[in-house]
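Report on the structure given below.
Numbers here simply count residues along the sequence, with the first being 1. Every number for a ligand or one of its atoms is a count from 1 in the order of the listing.
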Amino acid sequence: MTPYWQEHYRHLKAIDGKTKLQTLAFQSSKIRLYRGLIIEGDNAMQVLDFALFPEPEYDVPIFCASFFTASNTNVVVLDLNPLHDVIDTEDYKAKYYKNLMPLGQKYAELLPWGSKITGESLGFFSPIVIWSKFCSDQHLHDILFAAFKEYFKAWLQLMDQAKVETNASQLHRNCEAQHKYLIWRAEKDPGHQLLKKLLGESLAQDLVWNFLFNGVNTLGSKSFLDYFPEYRCVDGSISKKRSIIGKSFENRPWDAKGNFIGANIR
Ligand code: BLA
């Protein structure tokens, strides 16, 4: 692992003079970007946003941990976000998630489903996603930490066993899938409002586009609207709305075998 070009973002001070933001990033031969952001504010506000992106030669899922805590509420996403479709097709799901379903099922029973969620986000999640909201409780925090360790270990194993892709069209497909994911999060991640409040508009934009979702300017040339045309306003700009289809999925839309049992999200 080599430290990445992160010095500029290493320690950031928020406008309020109290909240501290720290980042770290690395890369290695198989991992394009391994980065984390920690925020510690007053009133016990805490954020961990941790993600690992494989090199496009590997179609391994993206490791994603996004934990937000404030005034007793915890908002949690922990997942191996799929690079390719796991709702309508079987092959990618069988390749990476079939063996992980018991792990996902274990934590689906221990942590409550977080209720309704931005519909578009579901398309980026896997059958083992942990999407949860709960009041602060040491027992649930311990479960979440155990889940984090197990998911991370599972991801490292997938990465270890991953075979390098040499087929040019498959490589392009991996690149584009990662680019679509990055541009979705760079444009619509729910953390942006808070980052803007803490850092001001331009530093928040810089952090999001150049650090957190690095690769968004290099892995592909399509625009957000090319991938998500439903967000186009009449004047050609991107709708400011976070979601076009709104929030849905009151209950977990995956069964224990990894079949999608929710309503159509397209
Ligand atoms: C809330 N974060 C959320 C929600 C989701 C995610 C699904 C619930 C709101 C919703 O339904 O949209 C996370 N959404 C994701 C992830 C993906 C996605 C991981 O589509 C991946 C594809 N969260 C952060 C950071 C901050 C943060 C860095 O990652 C703050 C700096 C905060 N997340 C945050 C806050 C909320 C939230 C404040 C609650 C506010 C809200 O619901 O809009």
Check ligand 1 against the protein and report each N/O to N/O distance under 3.5 Å, formatted as atom name, atom name, distance.
from	atom 1	to	atom 2	distance (Å)
ligand 1	11 (O)	T118	N	2.8
ligand 1	11 (O)	T118	OG1	3.0
ligand 1	12 (O)	T118	OG1	2.5
ligand 1	12 (O)	R242	NH2	2.2
ligand 1	20 (O)	S121	OG	2.7
ligand 1	20 (O)	W184	NE1	3.0
ligand 1	29 (O)	D49	OD2	3.2
ligand 1	29 (O)	S66	OG	2.9
ligand 1	43 (O)	R242	NH1	3.3

Relative to the ring of [Y], is the ring of [X] parallel (under 30°), tilted (30 to 60°) or perpendicular (over 60°)?
| X | Y | result |
| --- | --- | --- |
| W113 | W131 | perpendicular |
| W184 | F228 | tilted |
| F249 | F260 | perpendicular |

Option passing side-chain hydrogen bond (donor to acceptor under 3.5 Å, both in side chains) with N74 (candidates H141, K133, Q46): H141
Pairwise side-chain contact, F213 with H179, heavy-atom cut-off 4.5 Å (strictly under):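 In short, these two side chains do not touch, never coming nearer than 4.5 Å.
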From CD1 (I244) to OH (Y231), nearest 0.5 Å: 5.5 Å
